[in-house]
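Counting convention: from 1, in listed order, for ligands and their atoms alike.
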Amino acid sequence: MTGGAGFLGSHLCDRLLAEGWEVRCFDSLLTGSAANLVDALSDERFGYVHYDVTNYLNVEGAVEWVLHFASPASPSDYLEYPIHTLKVGALGTLNALGLAKAKRAGFMLASTSEVYGDPRVHPQPESYWGNVNPIGPRGVYDEAKRYAEAMAMAYLRTHDVPVKIARIFNTYGPRLRRGDGRAVPTFIEQGLADEPITVHGDGTQTRSLCYVDDLVEGIWHLLISDVVGEPVNLGNPEEVKVLDLARTIVLLAGSRSEVVFTDRPIDDPEVRCPDISRATSLLGWLPSVPLSDGLARTIEWARTAWRA
Ligand SMILES: NC(=O)c1ccc[n+]([C@@H]2O[C@H](COP(=O)([O-])OP(=O)(O)OC[C@H]3O[C@@H](n4cnc5c(N)ncnc54)[C@H](O)[C@@H]3O)[C@@H](O)[C@H]2O)c1
């Protein structure tokens with residue numbers, strides 16, 4: 001697992017260990033944290049290697065799966081590390097695919113809804129090719145992931161590496177990093193501190209938010225399925241206006257914060273909602289945690305974890 005010390009990667013490490021797998025995690029801790037691995041590290045079947053996967057990647061012994069999750073994922077992270085984001089999407093993916101090929105292992109790519117850019121089709125099915133500005137500031141992430149998908153498909157076609165592509169939509173939950181810039185942790189941090197909640201634009205843009213347990217369940221279903229070589233959207237199609245999200249968090253946190261409006265970032269998508277019919281029909285998977293429940297759990301976690 002690359003990126004296993006990050007938000008999603010660490011939850012997935014825990015799940016794979018719980019399923020009886022042995023896990024080696026490679027992470028440079030660029031945006032992740034060893035604190036996310038406290039549970040995993042107490043398991044003798046887990047190993048952590050501090051490593052930048054843009055370098056040649058090797059593992060002793062047999063490997064059944066290579067899961068490539070390493071990449072800055074929040075807009076503020078990939079705007080801070082634009083070249084690294086391109087490198088981990090290109091070189092990191094190449095190295096991870098090379099390992100899968102050498103070990104005759106399967107490969108899973110953590111791709112993203114950002115491959116659809118600012119979409120002209122709504123909700124977004126996997127057949128939609130997207131609307132990405134390659135030279136805009138967000139292009140570093142969107143194009144890195146598009147390139148990673150192309151590279152993965154080339155390894156499938158050329159070297160028969162069984163490739164699974166998860167197009168992950170916005171996910172939230174415990175272990176989100178305080179200050180990572182994404183809407184949910186930002187609003188929770190501001191709400192818990194009774195500070196103004198900063199909503200971009202007028203807040204009518206929409207997001208679809210998936211609770212992390214649901215997402216991990218979807219990844220697991222994709223991993224054990226026989227679906228190969230076709231991307232699968234994983235996310236929650238329940239769409240929420242960003243302003244309503246802010247108000248819900250204020251309410252659930254029992255906060256006195258007021259909402260204030262700030263400039264929209266360049267190329268910020270107007271709408272974002274997965275068409276998950278492929279995941280439902282091929283994997284039998286559906287998210288089940290309602291937004292208010294998931295937010296309440298995340299707020300309770302943040303109250304303790306972020307105070308430490
Ligand atoms: N969280 C989401 O909503 C979401 C949505 C779509 C896609 N994704 C994808 O899922 C993956 C994980 O996202 P996340 O939210 O957990 O982000 P995260 O920033 O918490 O985790 C990414 C991890 O990758 C590590 N990393 C970055 N560059 C590395 C390198 N060169 N070598 C080794 N490790 C490196 C970081 O240190 C971090 O631990 C990413 O590939 C992201 O693009 C996440």
Asker: Might you work through the side chain to side chain contact (heavy atoms under 4.5 Å, CB included) test for His11 and Arg175, ending with a clear yes or no?
Answerer: CA-CA 9 Å; His11 282 283; Arg175 297 188 189 160; 3.7 Å; yes

Asker: Can you list the other members of the hydrophobic cluster that holds Phe107, where links are side-chain heavy atoms under 4.5 angstrom apart?
Answerer: Phe26, Val49, Tyr51, Val53, Leu57, Val59, Val63, Val66, Val88, Leu94, Leu97, Leu99, Leu109, Tyr147, Met151, Met153, Tyr155, Leu156, Val161, Val163, Ile165, Val228

Asker: What's in the same ILVMFWY side-chain cluster as Leu30, cut-off under 4.5 Å, chained through other members?
Answerer: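 Under the 4.5 Å side-chain rule, Leu30 groups with Tyr81.
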
Asker: Report, one line per pair, each donor and acceptor closer than 3.5 Å where one atom sits in a side chain of residues 287-295; sequence neighbours left out.
Answerer:
| residue | atom | partner | partner atom | Å |
| --- | --- | --- | --- | --- |
| Ser288 | OG | Asp214 | OD1 | 3.4 |

Asker: In order of chain and number, which residues sit within 4.0 Å of ligand 1 by heavy atom?
Answerer: Gly3, Ala5, Gly6, Phe7, Leu8, Asp27, Ser28, Leu29, Leu30, Thr31, Gly32, Tyr51, Asp52, Val53, Thr54, Phe69, Ala70, Ser71, Ala73, His84, Val88, Ala110, Ser111, Thr112, Tyr141, Lys145, Ile168, Phe169, Asn170, Thr171, Arg182

Asker: Decide side chain to side chain donor-acceptor pair (under 3.5 Å) for Gln190 and Ser257; before the verdict, give the C-alpha distance in whole Å, the side-chain angles of both, and the deciding distance to 0.1 Å.
Answerer: CA-CA 7 Å; Gln190 292 167 336; Ser257 296; over 6 Å; no

Asker: Are Glu60 and Arg24 within salt-bridge range, i.e. N to O under 4.0 Å?
Answerer: no

